[in-house]
Amino acid sequence: MNTLTQTSAWRALQTHAQALNGTTLTALFAADPTRAQRLRVSGAGLELDFSRHKLDAETMQLLERLAAQQDWSGWRDRMYAGALVNSTEQRAALHVALRRGAAAPTEVRNALEHMGRLAARLRSGARRGATGKTIAHIVHMGVGGSDLGPRLALDALDGFRDTALAFDFVSNIDPTELDRVLKRSDPERTLFVAASKSFTTQETVVNARAARAWLAARLPQGTPLESHFIAVTGNRAAALEFGIAADDILPVWDWAGGRFSLWSPIGLTLMLAIGAPRFAEFLAGAAEMDEHFASAPFAANLPALMALLGVWHVNFHGAQTHAVLPYAQALAQLPAYLQQLEMESNGKSVDRAGEAVDYATAPVLWGAAGTVGQHSFHQLLHQGTVAVPADFVVLREGEGDPARHRMMVANAIAQAEALAYGRHDATLESWRHYPGDRSSSMITLERLDPRNLGRLLALYEHKVFVQGCVWNINSFDQWGVEYGKQLAASILTRLDGDLHP
Ligand code: F6P
């Protein structure tokens, strides 16, 4: 029997949430001119401003008490030490080991060196296809954690690409996606990265076979095709069986969960785009956040604070969704990446003991880049019947015209303030009123570069982990995605001419 909701820490927060109903964010700010400074913390180069959450000092104390009761720091230390925290699969969750640099496991350091060798040859033009032409186009094939991270990182770090290589991503089994890429590809110059931990995921295996058939049909009869493939997988035998050369197979380990694997050879395509030194910067940023998470006390610990802010809204205010609003077009893919990270990790309803939980766990995560979202869903955020807590992610320094960048930041702040304070001008008609009291965090990066992207993604990884600790769930398995795959295989054999099962 799960007793979390019976604990005094939980009940104290329930009582406290009721008590705060009597005030407003406007009143809380008016009562404490230092609020904006007091509820703003920095760590690993990032800043978290949580002053626009409807809470006070007592709230933070009660949230810390709940987190401590759930042993967040003990679980963190056990995860860092390689304990089998993924209990249903009896695995460690050691993605932090992927960015430990010289202190990383030998297998990780060897893999990074192997990545570097493959990347150097491809980036220099030394890697040639079967007919002797230089490889000029990389098609990354993967899905979920074998796609979303590389896809986000290449978009976010587009400004750091220093290669003539062109890149495409294919993840869907819908032939449209691969066909659209192949239509504009030169078979003599295209290399496919088959990224799949299992090398059994239907989308990736079927797409890799289709790519292989496409090459075979366009290259001279009988041409060996292995020079057009690299595999990133934990299933080396399957990659060899597919026909990929031994030295073109990079490893992924079972202690690096798919949604936590961008730091592993799954990130090869990122290294191809930005080079090994900048990839190392990316890893170093995550390592800084790992160190911050491991050493900062709760009240100054950005992942822990973000986690408990989410618990505050989900478990004590009934929030069922959470918006991530990156005010940087280069982070437009961040919500999609975080959907898997957060919802595949914590979209669970049984606890570590296998007991049904009687409290909410992960909310639906969604979002889009600002300012575009303001012309789409912000109406609901401001005047809808549901309050949606939001993370604004902003850059202190943009990539382009500073004047337009300042407009971006001004819009982000304006949205956060309108959500927080609302507008209650009695002279205005009711439909012009804004209820306010709608909470949001403001996460600020100095700029978007490899190091800061690494810091940001590690921040969310650890936030997700702390929420799993509070909810007493295993954040590292994903049994919920298995049954659909089995059903699809069975239905496929039964579909009639009208596509009825
Ligand atoms: O969605 C289920 C899942 O197993 C994810 O956890 C994983 O990232 C994705 O499928 C791809 O798996 P693989 O890397 O084995 O192809």
Side-chain angles (χ1 to χ4, degrees), residues 95 98 107-108 111-112 114-119 122 127 135 137-157 165-174 177-178 181-182 185 190-212 214-215 225-274 276 279 282-283 333 336-337 340-341 344 457 478 481 485:
H95 39 286
L98 295 168
E107 57 191 352
V108 171
L112 272 169
H114 190 176
M115 288 167 75
R117 286 200 307 275
L118 292 175
L122 279 160
R127 174 102 184 208
I135 296 294
H137 181 197
I138 304 297
V139 179
H140 179 105
M141 296 190 291
V143 71
S146 296
D147 164 74
L148 290 165
R151 207 184 274 259
L152 160 65
L154 259 82
D155 191 19
L157 300 177
L165 289 170
F167 296 88
D168 277 294
F169 287 87
V170 173
S171 50
N172 207 321
I173 199 165
D174 179 336
E177 192 174 31
L178 179 60
V181 170
L182 296 180
S185 300
T190 301
L191 180 137
F192 298 91
V193 175
S196 175
K197 278 185 65 182
S198 61
F199 222 85
T200 59
T201 301
Q202 185 186 42
E203 291 90 339
T204 308
V205 171
V206 166
N207 279 331
R209 288 181 188 145
R212 183 173 59 188
W214 176 80
L215 286 169
L225 301 176
E226 68 267 10
S227 58
H228 292 268
F229 285 92
I230 288 175
V232 184
T233 184
N235 188 346
R236 186 176 181 78
L240 289 168
E241 171 68 28
F242 180 86
I244 295 173
D247 191 50
D248 282 337
I249 301 173
L250 289 165
V252 196
W253 304 279
D254 68 8
W255 45 260
R259 51 195 176 273
F260 299 89
S261 65
L262 176 54
W263 327 94
S264 80
I266 292 286
L268 172 69
T269 301
L270 175 59
M271 186 186 281
L272 295 178
I274 65 173
F279 190 82
F282 173 64
L283 297 179
Q333 305 274 344
Y337 173 81
Q340 186 198 16
L341 179 62
E344 194 166 84
L457 300 188
Q478 53 284 323
V481 301
K485 295 177 186 176

Please set out all donor-acceptor pairs under 3.5 angstrom arising from side-chain atoms of residues 251-259, sequence neighbours excluded.
| unit_1 | atom_1 | unit_2 | atom_2 | d |
| --- | --- | --- | --- | --- |
| W253 | NE1 | E107 | OE1 | 3.3 |
| W255 | NE1 | E107 | OE2 | 3.4 |
| R259 | NE | S345 | OG | 2.7 |
| R259 | NH1 | E344 | OE1 | 2.9 |
| R259 | NH1 | Q478 | OE1 | 2.7 |
| R259 | NH2 | S475 | O | 2.9 |
| R259 | NH2 | D477 | O | 3.0 |
| R259 | NH2 | Q478 | OE1 | 3.3 |

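For L457, the side chain to side chain contact (heavy atoms under 4.5 Å, CB included) partners are L152, L262, W263, F282, L334, Y337, L453, not counting sequence neighbours. Partners of Q333 by side-chain hydrogen bond (donor to acceptor under 3.5 Å, both in side chains), not counting sequence neighbours: none found. Not counting sequence neighbours, the partners of D247 by the side-chain hydrogen bond (donor to acceptor under 3.5 Å, both in side chains) test are H114. Residues forming a ring-ring contact (aromatic ring centres under 6.0 Å, His included) with H228 (at least two apart in sequence, or on another chain): none. In this structure, the salt bridge (charged side-chain N to carboxylate O under 4.0 Å, His left out) partners of R151, at least two apart in sequence or on a different chain, are D147, E177. Applying the side-chain hydrogen bond (donor to acceptor under 3.5 Å, both in side chains) rule to T201 yields the partners S198; only residues at least two apart in sequence or on another chain are considered. Taking the ring-ring contact (aromatic ring centres under 6.0 Å, His included) definition, one finds that F167 meets it with nothing, sequence neighbours left out. The side-chain hydrogen bond (donor to acceptor under 3.5 Å, both in side chains) search around D168 returns H137, R184, not counting sequence neighbours. Every residue meeting the ring-ring contact (aromatic ring centres under 6.0 Å, His included) condition with F192, not counting sequence neighbours, appears here in chain and number order: F229. Contacts of F260 classified as ring-ring contact (aromatic ring centres under 6.0 Å, His included), with partners at least two apart in sequence or in another chain: H95, F476.
Counting only residues at least two apart or on different chains, no salt bridge (Lys or Arg N to Asp or Glu O under 4.0 Å) pair has a member in residues 195-204.
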